[in-house]
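So the structure is just underneath, and the comments pick up after that.
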2 protein chains.
Amino acid sequence: MPNTPALNKRDWIAGLEKGLRIIEAFSDTHPRLTASTAARRTGITRTATRRYLRTLEHLGYVESDGQYFWLTPRVLRLGWSYFDSAKIPRAVQPHLQRISLTLGGTAYFAVLDEDDVIFVSKDGSNKIQNIGYVLGSRVPANICSAGIAMLSCRTPDEIDTWLSKRKLVPYTAYTTTTEEGIREHINNARQKGYAILEQQMSQRVRGIAVPIRTREGHLTGAISVSLPMGNETSEAAVLRALPLLREAEYALLATF
Amino acid sequence: MPNTPALNKRDWIAGLEKGLRIIEAFSDTHPRLTASTAARRTGITRTATRRYLRTLEHLGYVESDGQYFWLTPRVLRLGWSYFDSAKIPRAVQPHLQRISLTLGGTAYFAVLDEDDVIFVSKDGSNKIQNIGYVLGSRVPANICSAGIAMLSCRTPDEIDTWLSKRKLVPYTAYTTTTEEGIREHINNARQKGYAILEQQMSQRVRGIAVPIRTREGHLTGAISVSLPMGNETSEAAVLRALPLLREAEYALLATF
DNA sequence: TTTCTTCTGCGCGATAATCGCGCACCAAAG
DNA sequence: CTTTGGTGCGCGATTATCGCGCAGAAGAAA
C-alpha cells in the first residue's frame with residue numbers, strides 16, 4: 001500500500017488529473033464520446049472537457065470527426081511506458097512460456113491495482129477458453145486464483161477493508177459469493193502458499209497461482225495458470241502444476 | 001493521417017501535455033527517474049516536473065521512495081481504455097486464435113501509430129522466439145510484415161515522407177537497409193495483397209501479413225503471423241498461411 | 001412549417017492555478 | 001573542505017485555465 005505521502009496542495013496539477021480522468025472515461029460501453037457526454041461522465045464542465053479533448057487530439061491520443069471523440073492506439077504508449085520500465089513483466093516471460101508449454105494451459109503474470117487484478121503478461125494459446133484474459137484486463141481479485149494468492153499476502157485488516165468495499169457478484173453458478181467463502185479461499189492460500197480456484201469466472205476452468213515476492217518479502221505480483229478441468233482432480237492438477245509455479249517463484253525471487 | 005484540425009491556442013492545456021510527456025519519459029533504459037532527471041529528459045523545469053510527478057503519485061500512476069519515481073501498473077488503465085473502447089482488438093481475437101493454432105506460430109493484430117507499428121492483440125505461445133513482440137510493443141514499420149502490409153496501402157507520397165523520416169537500422173544480418181529494398185517490399189505487398197518478410201527482426205523467423213480495411217477501404221490495421229522458417233520454403237509458407245489470413249481479412253471486412 | 005432540444009464553437013473578463021527563481025539543506029564523491 | 005547533484009518549499013508574478021453566455025447548426029417532434 002503506497003500510502004499517500006502528504007501532498008502539498010500547491011503541488012497539485014489539476015489539469016493532469018482531469019486529462020487522465022477523461023482518457024479513462026472511454027470504455028467498452030462508451031467507446032465514442034461527444035464533448036458533452038465526456039463532460040457528464042467526468043463531472044468536468046463541457047467547455048473544459050472540450051479543451052482537454054482537443055488537446056489530446058492535437059497530441060494524437062484521440063481522434064475526432066468533429067462531433068465524436070475516440071481513443072487512438074497511441075494511448076498504448078502510456079501503458080507501454082510501464083511495460084518498458086518495469087523489469088518484472090519481461091523477466092517473467094520465459095517462465096510463463098515454460099509453464100504454458102508444459103501444462104498446456106495459459107500462464108499469466110498479474111499484479112494488484114487498488115482492489116483489482118490486472119493481467120500484465122501472458123503466454124499460451126488460449127484454446128481452452130474462447131477468450132481468456134486479455135492483456136491488461138482488470139478483474140475483481142476474488143474470482144481469479146492470482147487475486148486470491150495476492151490477497152493471501154495481505155494483513156487481516158486489509159482483507160476486511162477489501163471485503164467491505166467489494167460487491168461479490170457471481171459469474172458462474174459456482175462463483176463464491178459469501179464473505180466466509182472468500183475468507184476460506186484466502187486462508188487456504190495463505191496456509192499452503194498457493195491458491196486454487198475452480199469455475200469462479202468461467203465454467204470448467206481451474207486456476208492455480210502462487211504469489212511472487214522480492215527477497216525482502218514485498219509482494220510484486222502473482223503467477224497463475226488456467227487449465228481446463230477435464231477429468232483431472234484438483235489434487236492431480238496441483239501436483240502437476242505446482243512444481244513449475246514454485247520453480248518460477250524461486251527463480252524470480254533470486255533475480256530481484 | 002489525422003491532420004491537425006487547427007487548434008485555437010486558447011484550447012491548449014499545457015499541463016496535460018507535460019504530464020503525458022513525463023509518463024512517456026519512463027522507458028526500459030530509464031525505468032526509474034528522479035525529479036531532476038525526468039526534468040532533463042522532458043525539458044520541463046525541475047520544480048514543475050516534481051509537481052507533476054507528485055500529482056501522478058497521488059493519483060496512483062507512479063510510486064516513489066522519496067528520491068526515485070517509477071510507474072505503477074495503474075498506467076495500464078489508460079491503455080486499457082483503448083482496448084476497451086476499440087472494437088477491433090476484441091473482434092480480432094478469435095481469428096488470431098485460429099491462425100496461431102492451425103499454423104503453429106504467433107498471430108498478431110497490429111496498427112500504425114505515426115510511423116511505427118504497434119502490436120495490439122496477440123495469440124499463440126511464442127515458442128519460436130524467445131521473446132516475440134510483447135503486447136503494445138512499438139517497432140519500426142519496415143522490419144515487420146505487418147508494417148509493410150500497412151505501408152503498402154499508403155500513397156507513394158506518404159511512403160516517400162515515411163522513408164525520408166526513417167533511419168534504416170539493421171537488426172539482423174539480413175535486414176533490408178536500403179530505400180530501394182524497402183520500396184520493393186512495399187511494392188510486392190501492394191501487388192500481391194500480402195506482405196512477407198524474412199529475418200528482418202530476428203533470425204530464422206518469417207512474417208506474413210495482410211492489411212485489414214473497412215468496407216469503405218479505410219485501413220484499420222493488419223493481421224500477421226510469425227513462423228519459424230525451418231526448412232519450409234517461402235512459397236510453401238505462404239500457401240499454408242495465406243488462406244487463413246485472407247479468411248480473417250474477409251470476416252473482419254464484413255463486421256465493420 | 002415551427003418549436004424544442006442538444007450539440008458545437010468561441011470570445012471574454014476574472015481569478016486562481018501554475019511557474020520557476022532562489023535559498024536552505026542533505027549526501028556522496030573527490 | 002569543496003564540489004556536485006539531489007530535494008523541498010515559499011513567494012511573487014503571470015498567464016494559463018475557467019466557465020459563463022451567446023450564436024449557430026442539426027435533428028426530432030408536433
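Naming convention: chains lettered A, B, ... in sequence-line order (proteins, then strands); numbering from 1 in each chain.
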Practice prompt. Rounded off to whole Å, could you give me the CZ-to-C1' distance for the R50(B) and dG6(D) pair?
Written response: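 That distance rounds to 12 Å.
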Discussion item. Can you measure L16(B) atom CG to dT18(C) atom C1' for me and round it to whole angstrom units?
Written reply: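 For the pair L16(B) CG and dT18(C) C1', the rounded distance is 15 Å.
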Item to complete: Looking at every strand, decide which applies to Y52(A) at a 4.0 Å heavy-atom threshold: base, sugar-phosphate, or nothing.
Response: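 Sugar-phosphate contact only.
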Heteroatom pairs (N/O) under 3.5 angstrom, protein to nucleotides 20-29 of chain C:
unit_1, atom_1, unit_2, atom_2, d
dG20(C), OP2, T45(B), OG1, 2.6
dG20(C), N7, R51(B), NH2, 2.6
dG20(C), O6, R51(B), NH1, 3.3

Counterpart residues, side-chain hydrogen bond (donor to acceptor under 3.5 Å, both in side chains), relative to [X] (two or more places apart):
X	answer
Y61(A)	E24(B)
T37(A)	T34(A)
T161(A)	none
S36(A)	none

Worksheet entry | Whether W162(A) side chain and D115(A) backbone form a donor-acceptor pair below 3.5 Å |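 Yes; at least one donor-acceptor contact below 3.5 Å.
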[X]: which residues meet the side chain to side chain contact (heavy atoms under 4.5 Å, CB included) condition with it, sequence neighbours left out?
X	result
T49(B)	I22(B), A38(B), A39(B), T42(B), I44(B), L53(B)
D157(A)	T155(A)
T45(B)	A48(B)
D116(A)	R138(A), R166(A)

Worksheet item: Which comes earlier along DNA chain C counting from the 5' end, the contact point of Q67(A) or that of I13(A), where each point is its nearest nucleotide?
Response: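 Nearest-nucleotide comparison on DNA chain C picks Q67(A).
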Worksheet item: Which pairs pass salt bridge (Lys or Arg N to Asp or Glu O under 4.0 Å) with one or both residues in residues 40-49 of chain A, sequence neighbours excluded?
Response: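 Output for this query is empty, none listed.
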Worksheet item: Thinking salt bridges, do D123(B) and R98(B) make one under a 4.0 Å N-O criterion?
Response: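 No, D123(B) and R98(B) are not salt-bridged.
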Discussion item. Are there runs of at least three consecutive Watson-Crick or G-U pairs touching DNA chain C, with each pair's two distances under 3.5 angstrom? Give them by first number.
Written reply: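 Output for stems: C:1-30 with D:1-30.
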Practice prompt. Can you sort out which residues in residues 29-36 of chain A have a heavy atom within less than 4.0 Å of DNA chain C? Ascending by number, please.
Written response: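 DNA chain C contact set from residues 29-36 of chain A: T34(A), A35(A), S36(A).
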Discussion item. Measuring from the side chain of A14(A) (C-beta onward, heavy atoms only), which nucleotide among dC10(C), dT17(D), dT18(C) has the closest atom?
Written reply: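 Per side-chain heavy atoms of A14(A), the pick is dT18(C).
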Discussion item. Check this one for me: any side-chain N or O of R40(B) less than 4.0 Å away from OP1 or OP2 of dG6(D)?
Written reply: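 So the side chain of R40(B) is within the cut-off, an N or O lying under 4.0 Å from OP1 or OP2 of dG6(D).
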